[in-house]
Visitor: 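Next up is a structure, given as structure tokens.
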Number of protein chains: 2
Amino acid sequence: MTLRERAAVFKALGHPARLAMVERLGQGECCVCILMEMPKLPKLSGPTISQHLLVLKNAGIIADEKRGKRIFYRLLMPCVADISLCVGGRHGLTNMSTADL
Amino acid sequence: MTLRERAAVFKALGHPARLAMVERLGQGECCVCILMEMPKLPKLSGPTISQHLLVLKNAGIIADEKRGKRIFYRLLMPCVADISLCVGGRHGLTNMSTADL
DNA sequence: TAGTTATTTAGCTAAATAACGAAATAATGA
DNA sequence: TCATTATTTCGTTATTTAGCTAAATAACTA
């Protein structure tokens with residue numbers, strides 16, 4: 001993975017709406033309809049949410065799958081959910097676990 | 001640390017030049033003059049480098065200190081250097097060490 | 001003091017991003 | 001088949017970002 005590609009991953013995470021989505025997806029896959037109702041953020045329109053999801057998908061962070069009328073997204077890089085802990089908390093990764101949430 | 005602040009950290013890391021600088025600073029502090037000569041990137045002008053460093057500083061990722069004629073930068077969040085490993089490599093953080101470079 | 005080196009600040013332009021509403025697509029249910 | 005629901009695509013606008021050159025600042029050296 002090149003420097004450029006790594007930077008693209010961080011860039012994709014560099015928006016509050018997208019980071020919130022990724023943190024939510026860290027708990028397990030969910031459909032767009034759920035992501036559209038996350039209370040963490042000022043309510044964004046459907047199209048805007050959709051665009052943000054596309055950005056994350058293009059960076060290789062998430063993948064989508066259609067099931068019936070809905071589209072479900074899931075995290076392809078589980079570590080990015082942990083990264084938020086690292087950045088948000090003590091500044092070292094060693095001995096970190098999800099219990100630190 | 002709020003969602004917004006965490007996102008700001010990722011945003012700051014989301015440019016190849018800045019990510020390269022952070023990865024370099026992960027090996028220890030250095031002055032701007034060194035960062036300006038990193039071979040990893042297409043050569044950027046001094047002012048451009050300076051602006052990138054300011055972005056990293058505003059995000060709380062690095063700090064500067066003047067010593068004589070030079071200004072030295074160092075990493076305030078050592079974990080961000082490790083993050084690059086996580087994103088670039090296998091997608092989990094457990095058992096990661098610098099040997100994985 | 002004047003000159004040199006290292007770095008930042010200011011001012012600008014071009015390109016990228018974020019957001020929206022309207023329209024399109026796709027799957028289901030009546 | 002027609003309407004409904006879930007989501008994306010399109011077209012537009014406002015804002016932000018990345019890069020440059022020129023000028024300013026700060027610390028050393030002759």
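Labels below follow one simple rule: chain letters A, B, ... track the order of the sequence lines, proteins then strands, and each chain is numbered from 1. The basis for the numbers below is simple: all heavy atoms, side chains too, and nothing from hydrogens, waters or symmetry mates.
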Visitor: Go through D:dT8, C:dT8, C:dA26 for me and flag the one nearest to the B:Tyr73 side chain.
Guide: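 Between D:dT8, C:dT8, C:dA26, the one nearest the side chain of B:Tyr73 would be C:dT8.
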Visitor: Would you indicate what A:Gly68 reaches in the nucleic acid, counting non-hydrogen atoms under 4.0 angstrom: base, sugar-phosphate, or nothing?
Guide: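 Counting heavy atoms under 4.0 Å across all strands, the contact made by A:Gly68 is with sugar-phosphate only.
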Visitor: Nearest whole Å is fine: how far is C:dA23 P from A:Gln51 CD?
Guide: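 Whole-Å distance recorded here is 18 Å.
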Visitor: Would you kindly compare A:Lys69 and A:Leu44 by the position of their nearest DNA chain C nucleotide and give the one closer to the 5′ end?
Guide: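 It is A:Leu44, whose closest nucleotide lies nearer the 5' terminus.
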Visitor: In whole angstroms, how far is the P atom of D:dT7 from the NZ atom of A:Lys66?
Guide: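 Answer to the nearest Å: 9 Å.
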Visitor: Separation of A:Met21 atom CE from D:dT7 atom P, in whole Å?
Guide: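 Rounded to whole Å, this separation is 12 Å.
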Visitor: What's the closest nucleotide to the side chain of B:Arg70 if the choices are C:dT9, D:dT8, C:dT7?
Guide: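 So the nucleotide nearest the side chain must be C:dT7.
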Visitor: For B:Asp64 and D:dA27, give me the distance from atom CG to atom P, rounded to whole Å.
Guide: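 Interatomic distance, CG of B:Asp64 to P of D:dA27: 13 Å.
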Visitor: Would you call A:Glu29 and A:Arg67 a salt bridge, taking side-chain N to carboxylate O under 4.0 Å as the test?
Guide: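 Answer for the salt bridge query: yes.
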Visitor: Are A:Leu44 and A:Leu54 connected into the same hydrophobic cluster when the rule is that any two of I, L, V, M, F, W, Y join if their side-chain heavy atoms are below 4.5 Å apart?
Guide: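 Not linked; separate clusters.
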Visitor: Could you tell me how far apart B:Leu35 (CG) and C:dT7 (P) are, to the nearest whole angstrom?
Guide: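 Interatomic distance, CG of B:Leu35 to P of C:dT7: 9 Å.
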Visitor: Expressed in angstrom and rounded to an integer, what is the separation of A:Phe72 atom CZ from C:dA27 atom C1'?
Guide: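 Distance, rounded to whole Å: 13 Å.
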Visitor: Checking all strands, does A:Lys11 fall into the base, sugar-phosphate, or nothing category for heavy-atom contacts under 4.0 angstrom?
Guide: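 Result for A:Lys11 = sugar-phosphate.
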Visitor: Rounded to the nearest Å, what distance is computed from the CD1 atom of residue A:Ile49 to the P atom of nucleotide D:dT8?
Guide: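 It works out to 10 Å between those atoms.
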Visitor: Let me spell it out: for each of B:Met36 and A:His52, pick the nucleotide of DNA chain C with the closest heavy atom. Which residue's pick is nearer the 5' end?
Guide: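 First, find each residue's nearest nucleotide; the 5'-ward one identifies B:Met36.
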Visitor: Using 4.0 Å as the upper bound for N to carboxylate O, is an ion pair formed by B:Glu5 and B:Lys11?
Guide: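 Salt bridge between B:Lys11 and B:Glu5, a charged N being under 4.0 Å from a carboxylate O: no.
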Visitor: Heavy atoms from C-beta onward define the side chain here; which of D:dT8, C:dT9, D:dC20 lies closest to that of B:Pro47?
Guide: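 Nucleotide nearest to B:Pro47's side chain: C:dT9.
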Visitor: What's the closest nucleotide to the B:Arg18 side chain, out of D:dA18, C:dT8, D:dT17?
Guide: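 The answer is D:dA18, which lies nearest to the side chain.
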Visitor: Can you check the B:Leu54 CG to C:dA6 P distance for me, whole Å?
Guide: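 One finds 21 Å between P of C:dA6 and CG of B:Leu54, rounded.
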Visitor: Indicate whether OP1 or OP2 belonging to D:dC20 is found under 4.0 Å from a side-chain N or O atom of B:Ser45.
Guide: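 So the side-chain polar atoms of B:Ser45 do come within 4.0 Å of the phosphate oxygens OP1 or OP2 of D:dC20, strictly under.
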Visitor: What I want to find out is whether A:Lys43 reaches A:Glu37 closely enough, with some N-O distance under 4.0 Å, to be called a salt bridge.
Guide: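 Not counted as a salt bridge, because no side-chain N and carboxylate O are separated by less than 4.0 Å.
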Visitor: Would B:Met77 end up clustered with B:Phe10 when hydrophobic side chains under 4.5 Å apart are linked, directly or stepwise?
Guide: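 Yes: a chain of side-chain contacts under 4.5 Å links B:Met77 to B:Phe10.
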Visitor: Would you please confirm or rule out a distance under 4.0 Å between OP1 or OP2 of D:dG19 and any side-chain N or O of B:Thr48?
Guide: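 No, outside the criterion.
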